[in-house]
Amino acid sequence: MCGIVGYIGHDNTAIKTVLKGLYRLEYRGYDSAGLAYAESGQIKIKRAKGAVSGLNDKCKQIGPQTLAIGHTRWATHGKPSEENAHPHVSFKRELALVHNGIIENYKYLKEILKDEGYIFSSETDTEVLANWIEHAKLRYDLALEDAVHEALKGVHGAYAIAVLDSTGQKIVCAKKSSPLAIGIGEKEYIIGSDATPIIGMAKDVIYLEDDQIAVVTKDDLKIRDIDNNDTSYKAEKLLLDLQAVEKKGFDSFMMKEINEQPETVADCLRGRLTAPGPEIALGGIEAVMPSLLRARKIIIVACGTSWHSALIGKYMIEGLTRIPVEVDYASEFRYRRPIIDSEDVVIGITQSGETADTKAALELAKTKGALILGIVNVVGSSIARLSHAGIYTHSGVEVGVASTKAFTGQVAALSLLAIKLAYRLGYIDDEKLMDLKDALEEIPSQIQEILDDSTAIEGIADIFSQYEDFLFLGRGISFPVALEGALKLKEISYIHAEAYPAGEMKHGPIALIDEACPSIFVMPKDNTYGKTLSNLQEIKARSGRVIAITDVVDEDLVNSVDAVVVVPKTLPELTPLLTTVPLQIFSHRVAIKRSRNVDKPRNLAKSVTVE
Ligand code: AGP
């Protein structure tokens, strides 16, 4: 998630204020930073890969300024580097721009601009946007704010932008989907991707609405509507403290990230379901599709939560394409002398892109001639770079050590891959393809429905928070969801929790069952539901308490369990995207009840970069 900061006012403190704001946005995670200002009728920029402190060192010689814009970048298009860092100056240096979001049609706009002689210095969609606005400004001889309005008519995607020109007299802001706030100080204005940079600098704040444009000068703030007409606005009192804003008022980053999932799953799907025609657009793997389609087998390697999404991927890919899929713990794969050659495809799934075991497993597979794909969140990470091709999950920075939104991002990416392969191989027709695409489109709002039911789920967690042992059970594609639920609970609450295929209960685990060992069943009404219900009743018959996560209100079930959470209905292949969410909320609540540090659980690191 990128961060934007801007300052314009009568104090000559623009550079210091923008740097201070960028430091405050560090919690959002980033891989490079930069700032721009105007001096003697020229736009100047400073950018640095890595920490804001590196940028700060580059800005020490800048004289007093009354206007500046700054940015911390979380790479989505183009690797982390100084060239790809924002701000981007337009080709003819008419303007500089910082951007948070994803421009879906940037390739189309880039081709138009190239035909008009534009030359690009980065791989980013943001540079395309800067040049697209400059193109409008020069072509129609427009003021900056009018050029922004004109240019955005042709832009598809999510954006929050701040733009300055060489006059250094104003900052123009605009937003669609990504947030942007403007603090109103004493003869100064502070702009931020959220209120974080504004706290302590201004008491009043306005949050731009979609399709609005703000024109900010030292003495004035004007807001324009979608038709470029001035519109009124209402400032709010800024009552937040810094810590709260970073967590957006949630108890933890983990809960913030659980609640970001409607947006992050939508970001993963964005531009990939709406490609022209029936296809699924996965630009990162198009070049290797022929090899993928002729794969003799697919092996997926990962660790922890990512290994659980890998298991879900197995069910999806084998269920839809009939390509054999093996799933390995990366740490095991490396030492089992795997049977791989150039006929095989090895997929690494990883949020951080830096997990040592996963990286080593992929490097081993690469030496054997296999095609290497990465399903990665962090753009430009080691595993993203060592892969031949891949799919970015676009989940944004995940601060909580316990993975939540990255997991659903991985599952969403795997569903896109499975559907794409199945359609190309002819295992699904246009009708089934459209059914799957329509069901995927629904997922973000269905996740939101579950989040809206959080209080009920937390009430169940309060009742069950005192137990010291839990079993998580599921069949088919719900078994990896049970595994993920058990991992979430154990890693943040330190309660012993394990998962089994529900059919395995009779082969030993049921010996654990008594009043002190509750079971959580993941059981959407699919082809395994009946059998799972029988397993559940066997547990109830032995005084085991039971919570069920399902998608139907079935009388037999309701009469058999101690608590039930009903999630919205979707296609069987996609249920993990929904059944996972109540387990995240449940685990978080139990851990909070036990006063655990849910964002930084004991003994754990966010990225295990050592073996
Ligand atoms: C998940 O909650 C854990 N934090 C951990 O299991 C994690 O999924 C695992 O270390 C893999 O990390 P990666 O996805 O960054 O490779």
Side-chain angles (χ1 to χ4, degrees), residues 29 31 74 252-255 257-258 261 264 268 300-313 327-334 346-363 372-387 390-414 472 480-495 497-499 576 580-581 583-588 590-591 596-611:
D31 43 56
W74 170 265
S252 65
F253 281 111
M254 181 180 171
M255 187 43 84
E257 287 149 10
I258 289 171
Q261 289 178 115
T264 52
C268 181
I300 311 179
V301 294
C303 303
T305 283
S306 300
W307 183 76
H308 298 149
S309 60
L311 273 182
I312 291 171
V327 176
D328 268 280
Y329 283 115
S331 55
E332 289 297 305
F333 175 82
R334 302 170 60 192
V346 177
I347 300 176
I349 300 181
T350 171
Q351 186 287 128
S352 62
E354 301 299 342
T355 299
D357 285 322
T358 308
K359 187 175 168 198
L362 293 172
E363 283 166 345
I372 309 298
L373 295 193
I375 294 182
V376 185
N377 187 34
V378 179
V379 175
S381 55
S382 305
I383 290 173
R385 278 183 282 112
L386 79 80
S387 303
I391 304 171
Y392 280 127
T393 57
H394 295 315
S395 305
V397 66
E398 189 173 64
V399 175
V401 165
S403 190
T404 50
K405 64 175 183 174
F407 173 73
T408 46
Q410 290 165 353
V411 175
L414 284 160
F472 285 72
V481 178
L483 284 166
E484 174 57 11
L487 176 61
K488 280 293 93 49
L489 185 64
K490 74 177 85 156
E491 67 176 330
I492 61 174
S493 68
Y494 317 150
I495 291 171
E498 54 187 305
T580 295
V581 179
L583 301 179
Q584 296 169 343
I585 299 166
F586 177 89
S587 302
H588 180 272
V590 170
R596 303 301 190 206
N597 180 346
V598 295
D599 286 332
K600 294 190 175 66
R602 68 184 183 194
N603 310 337
L604 296 181
K606 182 58 189 169
S607 177
V608 183
T609 55
V610 294
E611 293 184 26

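Ligands are counted one by one from 1 in listed order, and the atoms in each one are counted from 1 as well.
- When the side-chain hydrogen bond (donor to acceptor under 3.5 Å, both in side chains) test is applied to Q261, the partners found at least two apart in sequence or on another chain are T408, Q584.
- Of the protein's non-hydrogen atoms, S306 OG, 2.6 Å is the one closest to atom 14 (O) of ligand 1.
- Taking atom 15 (O) of ligand 1 as the reference point, the nearest protein heavy-atom neighbour is S352 OG, 2.6 Å.
- The residue E354 has no part lying near ligand 1, judged by heavy-atom distances below 4.0 Å.
- Each of V301, L311, I347 was scored for a side-chain contact (heavy atoms from CB on, under 4.5 Å) with V327, with one residue passing: L311.
- The nearest heavy-atom contact from the protein to atom 8 (O) of ligand 1 is T305 N, 3.1 Å.
- Ligand 1 has an N or O atom lying under 3.5 Å from an N or O atom of V401, backbone or side chain.
- For T355, every heavy-atom contact with ligand 1 shorter than 4.0 Å involves the side chain, none the backbone.
- Protein heavy atom in closest approach to atom 11 (C) of ligand 1: C303 O, 3.4 Å.
- The contact set between ligand 1 and A402, taken as ligand atoms under 4.0 Å from a residue heavy atom, comprises 2 (O).
- Here the protein heavy atom with the shortest distance to atom 2 (O) of ligand 1 is E491 OE2, 2.5 Å.
- Screening L414, V378, N377 for a side-chain contact (heavy atoms from CB on, under 4.5 Å) involving T393 leaves a single residue, N377.
- Between S403 and ligand 1, an N or O atom pair is found at a separation short of 3.5 Å.
- Expressed to the nearest 0.5 Å, how far CD1 of I495 lies from CG of L489 amounts to 4.5 Å.
- The shortest non-hydrogen separation linking K490 to A497 is CE-O, 2.9 Å.
- Here L362 contributes atom CG and R334 contributes atom CZ; the two are 10.5 Å apart, rounded to the nearest 0.5 Å.
- Summary of contacts: the protein heavy atom closest to atom 10 (O) of ligand 1 is V608 CG2, 4.0 Å.
- A side-chain hydrogen bond (donor to acceptor under 3.5 Å, both in side chains) with S403 is found for exactly one of Q410, E491, E398, H308, namely E398.
- Contact of the Y329 side chain with the D357 side chain is not registered, since no non-hydrogen atoms from C-beta on lie closer than 4.5 Å.
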